[in-house]
Amino acid sequence: MAEANLDPVFQIQRVYLKDVSLEQPNSPEILLNQEQPGVDIQLGVEATPVAEGLFEVTVTATVQAKIADKTVFLVEAKQAGIFELRNMPAEQLSAVLGIACPQIVYPYLRGNVADVIQRGGFPPVHLAEINFQAMYEQQQAQAAADAAAPAAPQIIV
């Protein structure tokens, strides 16, 4: 009788642009302003099981450029990948989903965000490289601290 193969499996099934939007709520007036806009960038990572051994990992970027309190543009983009991960211990699986998978997806997101902004008529915004291992370790440390913190007492009136 043949033994089942229990070697760890890590395969990329697909990488795709899940969602993208560009808003220019104050155009065309804001485009006449010669001031340099301030740019705020927010990133997020989410991993979701989709089937036995298959996970969707989504990296989300929100890029907002403002002059004073007026938005020049707002880009929201979600780049995702489907990954096959099998025969891994839970802690290793969590690290692969939080570090290796986002590292694969992120360069596609960077390119798509820069392209959308440029197609909107602006100089491209190039997202910085991200150390997903440091980001993952920080999230794990925060989760451990949250779990260790005593619950706030409830006050019932």
Side-chain angles (χ1 to χ4, degrees), residues 4-27 30-31 36-67 69-149 151:
N5 184 357
L6 297 178
D7 290 339
V9 174
F10 175 71
Q11 291 186 347
I12 304 167
Q13 298 294 320
R14 174 168 290 174
V15 175
Y16 55 97
L17 182 61
K18 186 168 183 161
D19 186 21
V20 67
S21 70
L22 167 66
E23 298 174 26
Q24 296 184 44
N26 294 300
S27 293
I30 196 82
L31 300 176
Q36 282 291 88
V39 178
D40 179 52
I41 300 171
Q42 301 293 320
L43 291 173
V45 176
E46 183 179 2
T48 309
V50 292
E52 180 66 34
L54 293 177
F55 298 85
E56 178 187 59
V57 175
T58 305
V59 181
T60 303
T62 302
V63 180
Q64 184 173 24
K66 292 176 113 180
I67 295 176
D69 64 341
K70 292 194 179 247
T71 298
V72 178
F73 66 81
L74 173 65
V75 172
E76 296 175 311
K78 291 183 178 184
Q79 189 78 36
I82 297 175
F83 298 89
E84 181 179 4
L85 300 165
R86 300 182 189 276
N87 306 323
M88 291 184 189
E91 65 277 354
Q92 187 178 8
L93 177 66
S94 176
V96 170
L97 290 171
I99 301 169
C101 296
Q103 284 177 331
I104 292 167
V105 171
Y106 186 67
Y108 295 94
L109 177 68
R110 288 180 73 214
N112 284 326
V113 166
D115 187 52
V116 165
I117 291 170
Q118 191 168 13
R119 288 176 186 269
F122 303 99
V125 172
H126 296 286
L127 302 178
E129 290 293 327
I130 301 295
N131 181 339
F132 285 100
Q133 181 168 351
M135 189 171 151
Y136 175 80
E137 289 170 358
Q138 181 181 17
Q139 289 170 341
Q140 295 300 308
Q142 183 63 46
D146 290 348

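One-based numbering along the sequence shown.
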Applying ring-ring contact (aromatic ring centres under 6.0 Å, His included) to F122 and not counting sequence neighbours gives F73
Pairs meeting criterion salt bridge (charged side-chain N to carboxylate O under 4.0 Å, His left out) with involvement of residues 42-62, two or more places apart:
K18-E56
Atom pair CD1/NE2 of I41 and H126 - distance to nearest 0.5 Å:
11.0 Å
Under 3.5 Å, is there a donor on one side chain and an acceptor on the other for E137 and Q133?
yes
Once you round to the nearest 0.5 Å, how far does CD1 of I12 lie from CD of E84?
12.0 Å
I need the minimum non-hydrogen distance between S94 and Q140, along with the two atoms involved.
OG-NE2, 4.4 Å
Quick check for you: to the nearest 0.5 Å, what is the distance between K78 atom NZ and T62 atom OG1?
9.0 Å
Evaluate the side-chain proximity of V96 to C101: yes if any heavy-atom separation is below 4.5 Å, no if none is.
yes
Listed partners of V105 passing side-chain contact (heavy atoms from CB on, under 4.5 Å), at least two apart:
V59, Q79, F83
Partners meeting ring-ring contact (aromatic ring centres under 6.0 Å, His included) with Y106 (sequence neighbours left out):
F132
Using a 4.5 Å cut-off on heavy atoms from C-beta on, say whether the side chain of V63 contacts that of V39.
yes
Go through the steps for V72 and N26 under the test side chain to side chain contact (heavy atoms under 4.5 Å, CB included), then give the verdict.
CA-CA 6 Å; V72 178; N26 294 300; over 6 Å; no
Which residues pass the side-chain hydrogen bond (donor to acceptor under 3.5 Å, both in side chains) test with S27, sequence neighbours left out?
Q24
Provide the closest heavy-atom pair for P123 versus I117 in the form atom of the first, atom of the second, distance.
O-CG2, 3.4 Å
Look up atom OG1 in T48 and atom CG in L97, then write down how far apart they are to the nearest 0.5 Å.
9.5 Å
Just to verify, what does Q42 make a side-chain hydrogen bond (donor to acceptor under 3.5 Å, both in side chains) with, not counting sequence neighbours?
D40
N/O donor-acceptor pair under 3.5 Å between N112 side chain and Y108 backbone
yes
With P102, the side-chain contact (heavy atoms from CB on, under 4.5 Å) member among V57, L109, L43:
V57
The reported gap from CD in E23 to CD in E76 (rounded to nearest 0.5 angstrom) is 6.5 Å
Minimum heavy-atom distance M135-I130, with the two atoms named:
SD-CG2, 4.1 Å
Does the side chain of T71 pick up a donor-acceptor pair with the side chain of Q64 at under 3.5 Å?
yes
Spacing of CG belonging to L93 relative to CZ belonging to F10, to within rounding of 0.5 Å
10.5 Å
Could you pull out the closest heavy-atom pair between P124 and A114, with the gap in Å?
CB-O, 3.7 Å
Scanning both residues in full, the closest heavy-atom pair of Y136 with G98 reads CD1-CA, 3.9 Å
Nearest heavy-atom neighbours spanning A128 and R110:
O-NE, 4.2 Å
R14 side-chain N/O to I82 backbone N/O, donor-acceptor pair under 3.5 Å:
no
